[in-house]
Amino acid sequence: METRVSNSLSVAQPHKKAPQWLWPLFWGALLMMSVFAMSAAEPLFRWIEPDARQVIYDRAGFVTLLGRHLFVVGIAAVVTIIVGVAAGIAVTRRWGSDFLPLVAQLASLGQTFPPVAVLALAVPVLGFGTLPIIVALMLYGLLPIVRNTLAGLQGVEGDIKTAAHAMGMKPTQILCQVELPLAAPVILAGIRTSVTINIATAALGATVGASNLGDPIISGIVNGNMAYVVQGALTIALLALTIDSLFEVLQRQLRARISDD
């Protein structure tokens, strides 16, 4: 009898979930370790490249490279989010619905060109440096944001918008207070995809003079030093995992807020 009671109590106890911020903190801690303590792993990189004279990339500090990487990705993300969400809103309004196929095709066109090709076309016009890679990231990251903005806004039920209109809300109020809050998790998923992809793609900027975390990778390829390649790739991967896990937490919070409302 006591066994049955204890078993029932153990089943009734709620399963404790891990804190939402656990994974962002975990990946962020590993990222900081890779940035500030890369030299501590010299024996490991020496094992990867035993014949190399130098195995730790030191032409620029990893903290500096990380800052430059975040700057490029951040600028491209802000512009892409503004353009993508605004375009998605415009073509889901009655006055802009005729342009919906055009906007969808233009957004898709950005991903049909490889980033390397975009850089090759942009450099003669914009010159070497940060600007060409920002343009490439904007074109490459536009599609997920536009597509998810369209899906999120079109997924709002018509009855909800009709009820809001019946309450006397104006179209702008319906958009800001009803449609966008309900579509926010879907839109955020598109932003998450766009930013995460561009964190890796931004490494190509090192080929056109935009110094970032791609520098060790390019230097390692040119000099045949795999230790450099691993250092750059590892730091970029940890950055992408940190940002992606942060977006996941934000998505969960948005969904929870919508379900509570």
Side-chain angles (χ1 to χ4, degrees), residues 31 35 57-91 96 99 101-150 187 190-223 225 228-229 231-233 235-240 242-244 247:
L31 175 62
V35 168
Y57 184 83
D58 62 353
R59 295 180 185 175
F62 278 91
V63 177
T64 302
L65 296 177
L66 175 62
R68 293 170 181 170
H69 204 96
L70 288 172
F71 173 77
V72 170
V73 174
I75 293 296
V78 169
V79 177
T80 306
I81 291 169
I82 293 173
V83 174
V85 173
I89 292 173
V91 297
F99 297 96
L102 177 62
V103 169
Q105 290 175 0
L106 289 177
S108 300
L109 188 63
Q111 286 201 344
T112 59
F113 289 100
V116 176
V118 176
L119 288 175
L121 295 173
V123 166
V125 178
L126 303 175
F128 286 90
T130 303
L131 194 55
I133 188 62
I134 291 178
V135 172
L137 294 181
M138 287 168 52
L139 293 175
Y140 206 62
L142 190 61
L143 178 61
I145 297 176
V146 172
R147 181 177 292 172
N148 279 49
T149 301
L150 293 175
I187 297 174
I191 296 173
R192 173 185 178 182
T193 301
S194 175
V195 173
T196 304
I197 290 175
N198 278 349
I199 287 174
T201 307
L204 293 173
T207 63
V208 294
S211 178
N212 56 35
L213 289 173
D215 286 7
I217 298 175
I218 301 302
S219 179
I221 293 173
V222 171
N223 298 307
N225 191 328
Y228 288 177
V229 176
Q231 291 163 32
T235 309
I236 291 173
L238 290 174
L239 175 60
T242 302
I243 299 299
D244 185 72
F247 274 115

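Here the closest non-hydrogen pair linking Pro144 and Gly141 is CD-O, 3.5 Å. Minimum interatomic distance between Pro132 and Gly127 (heavy atoms only, all atoms of both residues): CG-O, 2.9 Å. Contact between Leu238 and Thr242 at its shortest, heavy atoms only, is O-OG1, 2.8 Å. Summarising the geometry of Ala76 relative to Thr80, their closest heavy-atom pair is O-OG1, 2.5 Å, with the distance given to 0.1 Å. Closest heavy-atom contact between Leu143 and Ala107: CB-O, 3.6 Å. Taking each heavy atom of Ala206 and Ile218 in turn, the nearest pair found is CB-CG1, 3.7 Å.
For Leu70, the side-chain contact (heavy atoms from CB on, under 4.5 Å) partners two or more places apart in sequence, or in a different chain, are Leu66, Leu239. For Ser211, the side chain to side chain donor-acceptor pair (under 3.5 Å) partners at least two apart in sequence or on another chain are Arg68, Asp215. In terms of the ring-ring contact (aromatic ring centres under 6.0 Å, His included) criterion, residue partners of Tyr228 (sequence neighbours excluded) are, by chain and number, Tyr57.
Atom CD1 of Ile145 is separated from atom CG of Leu150 by 12.0 Å, given to the nearest 0.5 angstrom. Within the model, atoms CG of Leu126 and CG of Leu131 stand 4.5 Å from one another, a figure rounded to the nearest 0.5 Å. We find the CG-OG1 distance between Leu137 and Thr130 to be 10.5 Å, quoted to the nearest 0.5 Å. Atoms CG and CZ, from Leu65 and Arg59 in turn, are 11.5 Å apart once rounded to the nearest 0.5 Å. Distance check, rounded to the nearest 0.5 Å: CD1 of Ile81 to CD1 of Ile187 gives 10.5 Å.
Proximity of a side-chain donor or acceptor of Thr207 to a complementary backbone N or O of Leu204 within less than 3.5 Å is detected. Checked by atom type and distance alone, the side chain of Asn223 never pairs as donor or acceptor with a backbone atom of Asn225 at under 3.5 Å. Between the side chain of Asn212 and the main chain of Val72, no donor-acceptor pair closer than 3.5 Å is present. Looking only at distances, a side-chain donor or acceptor of His69 sits under 3.5 Å from a matching main-chain atom of Ile199.
Inter-residue side-chain proximity for Ser194 and Tyr140 is flagged as unmet; no heavy-atom pair is nearer than 4.5 Å.
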Checklist entry - Leu119 and Val135: side chain to side chain contact (heavy atoms under 4.5 Å, CB included), yes or no, with the steps? => result CA-CA 8 Å; Leu119 288 175; Val135 172; over 6 Å; no

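For the pairing with Val146, the side-chain contact (heavy atoms from CB on, under 4.5 Å) check across Val85, Val103, Val91 returns one residue only, Val103.
Within 6.0 Å of CZ on Phe247 lie more than 12 heavy atoms contributed by other residues, nucleotides or ligands. Dense packing is recorded around CZ of Arg192, with more than 12 heavy atoms of other residues, nucleotides or ligands lying under 6.0 Å away.
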